[in-house]
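Report on the following structure.
Sequential numbering from 1 along the given sequence is applied to the chain's residues.
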Amino acid sequence: MDLDPPDAVRAIARKLEDAGYETWAVGGAVRDRVAGAPAGDWDLATRATPEQVMQVFRRTAPIGVDHGTVGVLRGRDMYEVTTFRRDVETFGRHAVVEFADRIEEDLSRRDFTINALAWHPLTGELLDPYEGERDLKEHRLRTVGEPAERFAEDYLRVLRALRFAGQFDLEIEEATWTALRAAVSKLDGLSAERVREELLKIMGQVRRASRSLALYQEAGVLAELYPELEAVTGEPPDAEGSLWERTLRAVDAIPPARPVLRVAALLHAVGMPPARTRDLRGGWRYTGHEVLGARKAEDVMRRLKASNAEIEQVARLVRHQPELFPPDSPDPVVRRWLRHVGPDLVSDLFRLRFALWRAEDGTGGPDDLLERWGMVRRVLRDRPPLSTGDLAIGGEELMELGLEPGPRFKQILEALLERVTDDPSLNRQGALMEVVRSEWLDE
């Protein structure tokens, strides 16, 4: 079997084998190639100790020597080479391991059969002691060994199982599913960073992220980790299906290359359950849900310890998602809208709006959205002033006119911004200073 790795993988394996150290390719790249998918980073496992690996190769990086891992540099790329390991004691995330002599011992400590594969870069042999290749072909996910024990070793495996099941369209084997469900209550012991990274891997690596996210709900993970989303699943359905189903379709409508935008789509409706009230016809309305939703989305992102930039981006997208100017708006209205939402948000906001529309209808975007997107692009091409920092004058010019610095400066500049929003041609130093002279110097 040829899994077509980068040339460097074979070169590293050959050099280690020539030095007397058995070496195999392992990990996600092997699994992905066996499944017929593109491979990510290639990792190798070897009988050589970290010290021996560093003796064989001139250019190395000691990225995890205590755990048996050395980075081998080939050109600008680095490949992780890890010594065979066996578990001595396993409890939570703090397993005690020691180096092993055989690849089979290393594979026996893997989480799922589909990950317990090793491929020899020189001979092409696929080592598959737990029938992971067959599980991939038969669309089945199983643990290596006793499911309850395997999850107890590291409860992050619950989330990994749901990600893999969605990514490779696998059905979780009954014993594995039962143990997984029982382990969900332990997820609150995981660090926020690990929980966040698993969510981002679903968003960034799984084309139909809805498969994994639906399993999150079915397994009870939403109730345990994301109660705001669990509330969304309980919203009453309407003619277009449930709110949760539409949310999942919206996530799928955004490409994995934009994982944070997918998170915004996932969280776009979290303000709707608390905002729900009856309308006069007996239906439901959700007045103000976007404001509540932005707060809740921010809470979720902070709980996950996302970066400040990601927190702000998701909260703003949820807050502004329903706000668009009418399609017949004149340019000043479009410019004021741009000032309100921020020009940096525009592209992602329209992507989100298109995804939400597709989630409702299942086809391409409506003509009025396309028209408004064209209007925004046309207005932005003219680079209109959208903040007081874009004005042709500032505090220095106001002082030149004899005005004293203070809160009044801000009032004057904001008033000037209103003027140039209506007529961008006024954004010239001379014209704006004349406005100041005529309207503020005599006060």
With a 4.0 Å cut-off, would you call [X] and [Y] a salt bridge?
{"X": "R160", "Y": "D111", "value": "yes"}
{"X": "R10", "Y": "D2", "value": "yes"}
{"X": "R150", "Y": "D154", "value": "no"}
{"X": "R276", "Y": "E235", "value": "yes"}
{"X": "R302", "Y": "E298", "value": "yes"}
{"X": "R14", "Y": "D18", "value": "no"}
{"X": "R353", "Y": "E323", "value": "no"}
{"X": "E197", "Y": "K201", "value": "no"}

* What's the verdict on side chain to side chain contact (heavy atoms under 4.5 Å, CB included) for F350 and L369, showing C-alpha distance, side-chain angles and the deciding distance? -> CA-CA 8 Å; F350 268 92; L369 264 183; 4.2 Å; yes
Could you tell me whether [X] atom [atom1] has more than 12 heavy atoms of other residues or ligands within 6.0 Å of it?
{"X": "E171", "atom1": "CD", "value": "no"}
{"X": "D7", "atom1": "CG", "value": "no"}
{"X": "R377", "atom1": "CZ", "value": "no"}
{"X": "E396", "atom1": "CD", "value": "no"}

Going by atom types only, do [X] and [Y] share a side-chain donor-acceptor pair under 3.5 Å?
{"X": "E105", "Y": "S108", "result": "no"}
{"X": "E371", "Y": "W373", "result": "no"}
{"X": "R31", "Y": "N115", "result": "yes"}

* For the pair T60 (side chain) and G71 (backbone), establish whether a donor and an acceptor sit closer than 3.5 Å, ignoring hydrogens and angles. => no
* Asked: Quick one: does E245's side chain have a donor or acceptor within less than 3.5 Å of a partner on S242's backbone?
  ->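 Yes: the side chain of E245 pairs with the backbone of S242.
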* **Single hit among D344, N308, D348 for side chain to side chain donor-acceptor pair (under 3.5 Å) with Q313** => D348
* Give the C-alpha distance, both sets of side-chain angles, the deciding distance and a yes or no for side chain to side chain contact (heavy atoms under 4.5 Å, CB included) between E17 and H120. => CA-CA 11 Å; E17 291 272 351; H120 202 286; 2.8 Å; yes
